[in-house]
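So that the names make sense, note that chain A is the first sequence line, chain B the second, and so on, each numbered from 1.
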Amino acid sequence: MRYFVGKIRLLWVVDMPVQNAEIAAMFDQAAELLEIGGENQFRVRAYRRAARVIEGLPKAAGSLLKSGRDLSELPGIGKDLAGKIADIVKTGHFGLLDTLKRKLPGELGEMAALPGLGPKRIKLLYDKLKVRTLNDLRQAIKTERLRELRGFGPAIEKKLLGALEKPQPARRFKLSVAEAEAEALVGFLRGSGRVVVAGSYRRRRDTVGDLDVLVTAKDGAAVGDSLAKYENVAQVIAHGPTRTTVMLRSGLQVDVRAVPEESYGAALLYFTGSKAHNIALRGLANQHGWKLNEYGLFSGKRRIAGATEEDVYEKLKLAYIVPELREDRGEIAAAQAGKLPRLVKLSDVRGDLHVHSDWTDGTVTIAEMAAAAQARGYEYIALTDHSRRVAMTHGLDPARLARQIREIDRLNEGLKNFTILKGIEVDILRDGSLDLPESSLAKLDIVVAAVHSHFDLPRQAQTERVVRALENRHVSILAHPTGRLIGEREPYDIDMDRVISTARKAGCYLEINAEPDRLDLHDLHARAAKLAGVKLAVSTDAHSVDAYQCMRFGIDQARRAWLTVNDVLNTRPLAELRKLLKRRASVRG
DNA sequence: GCCGTTTTCGGCCCGACTGTTTTCAGTCG
C-alpha cells in the first residue's frame, strides 16, 4: 500500500481549468510542509484526506462549483477547505502553500520521498544543520555532520546516500505486469499456507505500486525466510516475525504478511485497503466502541469477528463491499443503505465491439476471429478494422471496406447463433471530420471512432475535434477516449466533462478499452459517464485471438467505475444491441 | 481541519519494523 505524491509541474495558461490532480497535489504538498513544521497531525491528515477525495471526484471541482454544488457536502471537506478549493479554482494559486513555502524554503517536500526521512528528521536537519536542499543533505552526510544528530546513525546515512546517488523514481506497474509477478510469487509461496495477493492488485487498479501478499501461517518468520530465497528477490528490505518486505529484480516491491487463520478475514481486509476505506471502517468500529485491526474486530479483548471479511462487514452493519469498490468513494454509505450496485461480471459479456483482422493490422482472418469469439461463448463481434489514414496498418479505403462488407455477409450466412457486425474503427482527423465518406459509414452496423494522430493539440482544439466527431450521426462509439498508453504516453489534453455530455446528447457511447496498456476510459471517467447517463462498451481492441482474454481487465475497470449490466452495451443480446445502435443513427438522422 | 445515535467540543486508525537507543521515536504501510 505504498503511496507517493509525484511532483507536478504547474503551468498556468489563461482559461486553463485547474485539474483535480493539481488541487490534490497542492493539498499534499501543504500537508507535507505543515507536518514538517510540527502542525497538529489531525490538521495534516485533513489535508491529505481532502486530497484523496478531490482526486477521486468523477468531475472537475471547477465544473462542480460552476453547476452550483456545495463542495463542503463532500466527505472530509468542510467550510474552510471548500473555500480554499474555490480560491484555487479561481486564481490557480493556493495561498497557504505559498506561505508555507516562504516559511520553509528549499526542497523539504522532496526530501520526504527519501527512505528513512520523515517530518521529524527533516525538521531536525533543517533546524540544526540548515539543510534545505537535497544537495545540502548530501554535503551534511559527506562532512559527517549528519551522524552528530540524535537519531541518525551509519545505517540511515548509507540508505540516504544510496537514494541520493541513484534516485529510484516511484514506479507503478501495469496490472497485467504485476499479475505475472504475482502469479509466479503465489506459486512459490504456496505450501507456506493460504496465499492471497491483496492491496491495489486485489482492488484491480489499472496500475500497482507494490504487491501486498497475505499468508496464513503460524510461523511468520519462516515465511519470510522462505521469501528471501525466492529467485526473483533482489534485496530484502525488512524482515520481522510477521512481515517481510523485499524488492524484486523487476523493481516491484513485495510485502508479505503472515497472520493466524482466525484473523484471515480481518487481515485480508486490512491488507486489501484502500487505506482510506480502512480508516473509514475503523472509524465505524470506534462508533460502536470496538476496535478493528488486522487481527480482528474487538470488543475489549474479545474478538467478535475476523475470520472472514464478510463477518467484519456484517458486524459493522454493512453489506459486503467487493474489493474493486473499496476506495472510500461512497461505497460505505451505499453499503449502509443497502444500495450497492450489482456490478457487471465477465460472464455477463455477450460480445466484443472492437476487433481487428488481417485486413489491416490484425494477425488472423475474420473467420478465425469469429470462430474464437464463438468458442468463448460470445453471440457477436463487431469487426472494426482501421480506416485508410492509419496507413501503416494498411487501413481500409471505401473500395476495400465495401469488399470487406461483402466478405462478412458471406461469412454470416455460414454462421449459426453468431453474428459478425460490420464496423470500422474510423480515424478522427485533425479537424474532427472522419476518414471515410458518409456513404461508406452508412453501410455499417457500427462505427467506432478514434484519434490516432495529433495527440498534442491544445485542450480546446482537441475537445472540439472529438466533439465534432461524436456529433456525426454515424458514429456509435468513441474508442480509447484519451489515447493514453500507461507508462508510455500521457492522455491527450481533453475536456472529458464535455465529451461525456456530448455523447449523452448525441446518443452515442464511450469505450473502456480492455487492452492492459490502455484501460481507457479509466475508472473515474467511466463512472462520470455512468452518472451522466452514458452507456459504455467494454472492448478488447483485439488484434489476435489471444487478445480476447483481456476482456477481464476491462471488466475490472468497469466494476471499479460502479457499472452494472445495464451500463454496459455489450452485455445486451444482439437484437437489443442493434436497437441501441439504431436509435443512435436516428437521433440526428 | 473535520465531524456529530458520544453533536459545537474533544475526539480523530492501528500496528510492524528499523535503527537508534538502553527503552523508544520515527517511519512506513
**Q** Base contacts versus sugar-phosphate-only contacts with protein, heavy atoms under 4.0 Å: please encode nucleotides 15-25 of chain B as B, S and - from 5' to 3'.
**A** SSSSSS-----

**Q** Can you check the K275(A) NZ to dC12(B) C1' distance for me, whole Å?
**A**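 Nearest whole value for this atom pair: 14 Å.
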
**Q** Taking the C1' atom of each, how far is dT27(B) from dT20(B), in whole Å?
**A**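 Roughly 13 Å separates the two C1' atoms.
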
**Q** Do NZ/NE/NH1/NH2 and the carboxylate oxygens of D523(A) and R329(A) come within less than 4.0 Å?
**A**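 A salt bridge links D523(A) with R329(A).
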
**Q** Students often mix this up, so state it plainly: with edges at 30° and 60°, are the rings of F27(A) and Y47(A) parallel, tilted or perpendicular?
**A**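 Plane angle over 60°, so perpendicular.
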
**Q** Calculate the interatomic distance between H277(A) atom NE2 and dC14(B) atom P; express it in whole Å.
**A**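 Computing the H277(A):NE2 to dC14(B):P distance gives 15 Å.
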
**Q** Could you identify the nucleotide paired to dG29(B), looking across every strand shown and requiring Watson-Crick or G-U wobble geometry with both distances under 3.5 Å?
**A**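 dC14(B) - that is the nucleotide pairing with dG29(B), both distances being under 3.5 Å.
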
**Q** Provide, to the nearest angstrom, the distance between the CD atom belonging to E35(A) and the C1' atom belonging to dC28(B).
**A**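 My rounded result for the distance is 12 Å.
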
**Q** So that I can tick it off, tell me whether R52(A) and D28(A) are bridged by a salt bridge, with the cut-off set at under 4.0 angstrom between side-chain N and carboxylate O.
**A**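 Answer for the salt bridge query: yes.
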
**Q** Rounding to an integer number of angstrom, what distance separates dT7(B) and dC12(B) when you compare their P atoms?
**A**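 One P to the other, the span is 15 Å.
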
**Q** Expressed as a whole number of Å, how far does the C1' atom of dT23(B) sit from that of dT18(B)?
**A**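 Pairwise C1' distance, dT23(B) against dT18(B), rounds to 15 Å.
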
**Q** When rounded to the nearest Å, what value does the distance between P atoms of dG26(B) and dT21(B) take?
**A**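 Looking at atom P only, dG26(B) and dT21(B) are 12 Å apart.
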
**Q** Got a list of protein N/O to nucleotides 1-3 of chain B N/O distances below 3.5 Å?
**A**
unit_1, atom_1, unit_2, atom_2, d
dG1(B), OP1, R43(A), NE, 3.4
dG1(B), OP1, R43(A), NH2, 3.0
dG1(B), OP1, Y47(A), OH, 3.2
dG1(B), OP1, K84(A), NZ, 3.1
dG1(B), OP2, R43(A), NE, 3.1
dG1(B), O5', R43(A), NE, 3.4
dG1(B), O6, N40(A), ND2, 3.2
dC2(B), OP1, G78(A), N, 2.6
dC2(B), OP1, G78(A), O, 3.4
dC2(B), OP1, L81(A), N, 3.1
dC3(B), OP1, G76(A), N, 2.7

**Q** Please list all pairs passing the side chain to side chain donor-acceptor pair (under 3.5 Å) test where one or both residues lie in residues 176-187 of chain A, with sequence neighbours left out.
**A**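 The answer is E179(A)-R204(A), E179(A)-R552(A), E181(A)-S250(A).
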
**Q** Does R49(A) come within less than 4.0 Å of D328(A), counting only side-chain N to carboxylate O?
**A**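 Salt bridge: yes.
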
**Q** Write down the distance between CG (D328(A)) and P (dC12(B)), rounded to a whole number of angstrom.
**A**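 Between P of dC12(B) and CG of D328(A): 18 Å.
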
**Q** Go nucleotide by nucleotide along DNA chain B from the 5' end; which of G118(A) and L292(A) gets its closest nucleotide reached first?
**A**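 Residue closer to the 5' terminus by nearest nucleotide: L292(A).
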
**Q** In terms of side-chain geometry, is the basic nitrogen of E35(A) or R43(A) positioned less than 4.0 Å from the acidic oxygen of its partner?
**A**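 Salt bridge: no.
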
**Q** Quickly work out the Q41(A) CD to dG26(B) C1' distance and round it to whole Å.
**A**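 My rounded result for the distance is 13 Å.
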
**Q** If the C1' atom of dT8(B) is compared with that of dG1(B), how far apart are they to the nearest Å?
**A**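 After rounding to an integer number of Å, I get 14 Å for this pair.
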
**Q** Suppose you measure atom P in dG11(B) against the same atom in dT6(B); what distance do you get, rounded to whole Å?
**A**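 To the nearest whole Å, 15 Å.
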
**Q** How close or far is atom C1' of dT27(B) from atom CD of Q253(A), stated in whole angstroms?
**A**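 So the CD-C1' distance, Q253(A) to dT27(B), works out to 13 Å.
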
**Q** Within the side chain of T272(A), is there an N or O that forms a donor-acceptor pair under 3.5 Å with the backbone of A198(A)?
**A**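 Side chain of T272(A) to backbone of A198(A), a donor-acceptor pair under 3.5 Å: no, none is there.
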
**Q** Return a table of donor-acceptor pairs under 3.5 angstrom between the side chains of residues 304-311 of chain A and protein atoms on other chains or two or more places apart.
**A**
unit_1, atom_1, unit_2, atom_2, d
T308(A), OG1, D311(A), N, 3.0
T308(A), OG1, D311(A), OD1, 3.1
T308(A), OG1, D311(A), OD2, 3.3
E309(A), OE1, R202(A), NH2, 3.1
E309(A), OE1, Y320(A), OH, 2.9
E309(A), OE1, R326(A), NH2, 2.9
E309(A), OE2, R202(A), NH1, 2.8
E309(A), OE2, R326(A), NH1, 3.0

**Q** Write down the protein N/O and nucleotide N/O pairs, taken from nucleotides 4-9 of chain B, whose separation is under 3.5 Å; answer none if there are no such pairs.
**A**
none

**Q** Using atom CZ of F271(A) as one end and atom C1' of dC28(B) as the other, report the distance to the nearest whole Å.
**A**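 F271(A) atom CZ is separated from dC28(B) atom C1' by 11 Å.
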
**Q** Using 4.0 Å as the upper bound for N to carboxylate O, is an ion pair formed by E327(A) and R560(A)?
**A**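 A salt bridge is present here (some side-chain N lies under 4.0 Å from a carboxylate O).
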
**Q** Between dT27(B) atom C1' and E32(A) atom CD, what is the distance in whole Å?
**A**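 After rounding, the reported distance stands at 12 Å.
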
**Q** Does CD belonging to Q139(A) count more than 12 external heavy atoms closer than 6.0 Å?
**A**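 Yes, because the 6.0 Å sphere around CD of Q139(A) holds more than 12 heavy atoms from other groups.
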
**Q** If you draw a 6.0 Å radius around CD in E490(A), do more than 12 non-hydrogen atoms from other residues or ligands fall strictly inside?
**A**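 Atom CD in E490(A) is not crowded, with 12 or fewer foreign heavy atoms closer than 6.0 Å.
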
**Q** According to side-chain contact (heavy atoms from CB on, under 4.5 Å), who are the partners of K123(A), at least two apart in sequence or on a separate chain?
**A**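 For K123(A), the residues satisfying side-chain contact (heavy atoms from CB on, under 4.5 Å) (neighbours in sequence not counted) are I36(A), D127(A).
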
